[in-house]
2 protein chains.
Amino acid sequence: MEYFPPALENLVEHFAKLPGIGRKTAQRLAFYVLSLPQEEADAFAQSITQAKTAIHCCPVCQNLTEGEGPCAVCASPKRNHGVICVVADPKDVVAMERSREYHGLYHVLHGVISPMNHVGPDDLHIKSLVERVAAGGVEEVIMATNPDTEGEATAMYLARLLRPFQVRVSRLAYGIPVGSHLEYADDATLMRALEGRQAM
Amino acid sequence: MEYFPPALENLVEHFAKLPGIGRKTAQRLAFYVLSLPQEEADAFAQSITQAKTAIHCCPVCQNLTEGEGPCAVCASPKRNHGVICVVADPKDVVAMERSREYHGLYHVLHGVISPMNHVGPDDLHIKSLVERVAAGGVEEVIMATNPDTEGEATAMYLARLLRPFQVRVSRLAYGIPVGSHLEYADDATLMRALEGRQAM
């Protein structure tokens with residue numbers, strides 16, 4: 001028997017459901033929450049409920065946003081509305097924004113095509129992407145799904161789907177990550193880096 | 001700029017305050033919470049508030065408990081009320097209970113004496129322990145603080161404090177952990193194991 005009062009056990013179980021959090025860590029987190037001042041614990045609880053209610057998908061790009069209408073990126077007149085970067089996940093938008101080099105719009109698929117996990121094209125926000133491109137005004141669609149099998153397959157599928165619209169479809173470059181060591185690069189990456197070599 | 005809606009950023013910050021959770025993990029947890037069904041997210045939020053309000057310290061042993069009066073251990077007629085095991089933390093009670101070998105009561109100090117962290121004897125539940133012993137009926141007090149410098153010092157301090165009451169004060173045995181390898185045991189542990197060797 002694990003000797004915990006029910007309310008504490010309940011809290012531990014909720015923490016243990018989080019990804020990457022085992023039972024031992026969950027216990028540590030639960031004890032930490034108990035040690036918080038009442039108002040901080042309440043604020044934590046509130047942040048969960050509030051995030052769940054306030055945050056929804058942008059009707060245009062499907063990225064997470066708060067408030068009415070399209071998200072800040074889609075609504076901004078400073079962004080280039082002729083370029084759409086297609087990513088699998090809202091986290092990837094954050095990664096792209098961090099580079100400060102991309103000034104176009106986004107489209108978040110919320111997943112990749114994955115027959116193994118029973119995720120087909122209809123489970124993703126693909127239809128709305130095609131509609132955006134079909135509506136005109138888009139010059140280029142940049143595929144920025146992850147460079148793994150499923151991300152690749154999804155990008156290929158979308159490229160074929162967008163072919164009738166005479167829009168330029170591109171893919172993020174493969175290569176050696178900046179700051180890494182050649183000796184640790186895998187064969188596939190090295191091959192792609194060689195293929196994509198550029199004049200200097 | 002990290003491109004997060006404020007409510008999501010707020011949730012990420014709350015997760016990032018938890019011990020051992022960095023900003024990256026906090027983001028992953030926050031996205032997971034967003035992906036939960038509304039009722040599960042609400043249940044999670046509620047478990048935090050509820051644990052905070054429902055759980056308090058047992059007036060006798062200071063262990064965490066729910067509801068009115070003393071905790072289940074203190075109230076149980078099946079436990080040996082003549083023995084008190086002194087631990088630093090409620091987590092340690094769980095560890096002791098797991099052994100299923102201890103049938104006495106507990107006393108939770110909620111910390112150890114630690115001048116480095118400005119924790120003195122008055123910051124711990126030491127006075128209530130002395131009162132319990134002074135009230136009589138206690139035959140033995142077992143020190144089960146952690147076997148580190150601060151745990152040791154706290155146990156020594158308490159042993160001296162309890163000397164006037166003619167109660168037996170003991171300490172958990174030091175030695176090689178069961179199932180471990182001699183070659184990995186540190187010098188101090190081996191020395192203690194040798195000192196505490198028993199006839200067989």
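In the text below, chain A, chain B and the rest are named by the order of the sequence lines, each starting its count at 1.
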B:T65 OG1 to A:F4 CZ distance, which is reported to the nearest 0.5 Å: 13.0 Å

Would a hydrophobic clustering, with Ile, Leu, Val, Met, Phe, Trp and Tyr connected at side-chain separations under 4.5 Å, put B:V169 with B:M156? no

Linked, directly or transitively: B:V83 and B:V93 (ILVMFWY side chains, under 4.5 Å): yes

Count the heavy atoms belonging to other residues, nucleotides or ligands that lie under 6.0 Å from CG of A:D187, then report whether that count exceeds 12. no

Under 4.5 Å from any heavy atom of chain B - which part of A:A54: side chain

Where does B:L34 contact chain A at under 4.5 Å (heavy atoms): side chain, backbone, both or neither? both

Minimum heavy-atom distance between B:E66 and A:A7, given as atom pair plus value: OE1-N, 2.7 Å

Neighbourhood of chain A inside residues 43-50 of chain B, taking heavy atoms under 4.5 Å as contact: B:A43, B:F44, B:A45, B:S47, B:I48, B:T49, B:Q50

Please indicate whether A:Q38 has more than 12 foreign heavy atoms, meaning atoms of other residues, nucleotides or ligands, lying under 6.0 Å from its CD. yes

To the nearest 0.5 Å, how far apart are NZ in B:K91 and CZ in A:R28? 7.5 Å

So with a 6.0 Å cut-off around CD of B:Q166, is the heavy-atom count from everything else above 12? no

So B:L11 and A:I55, do their side chains get closer than 4.5 Å, heavy atoms only? no

Connected via hydrophobic side-chain network under 4.5 Å: A:L105 and A:L172: yes

Which distance, rounded to the nearest 0.5 Å, do you find between the OG1 of B:T53 and the CG of A:D42? 8.0 Å

Distance from A:K17 atom NZ to B:E40 atom CD, nearest 0.5 Å? 5.0 Å

Tabulate, in ascending numerical order, the residues of residues 125-135 of chain A having at least one heavy atom closer than 4.5 Å to a heavy atom of chain B, or enter 'none'. none

Looking only at B:L18, B:D89, B:N10, most heavy-atom pairs under 4.5 Å shared with chain A are made by B:L18

Under a single-linkage definition using a 4.5 Å side-chain heavy-atom cutoff for Ile, Leu, Val, Met, Phe, Trp and Tyr, are A:V86 and A:V108 assigned to the same hydrophobic cluster? no

Is there a chain of hydrophobic side chains (I, L, V, M, F, W, Y, each step under 4.5 Å between heavy atoms) that links A:L162 to A:Y157? yes

Which answer fits B:L36, side chain, backbone, both or neither, if we ask what part of it has an atom under 4.5 Å from a heavy atom of chain A? backbone

Greater than 12 external heavy atoms within 6.0 Å of B:E195's CD: yes

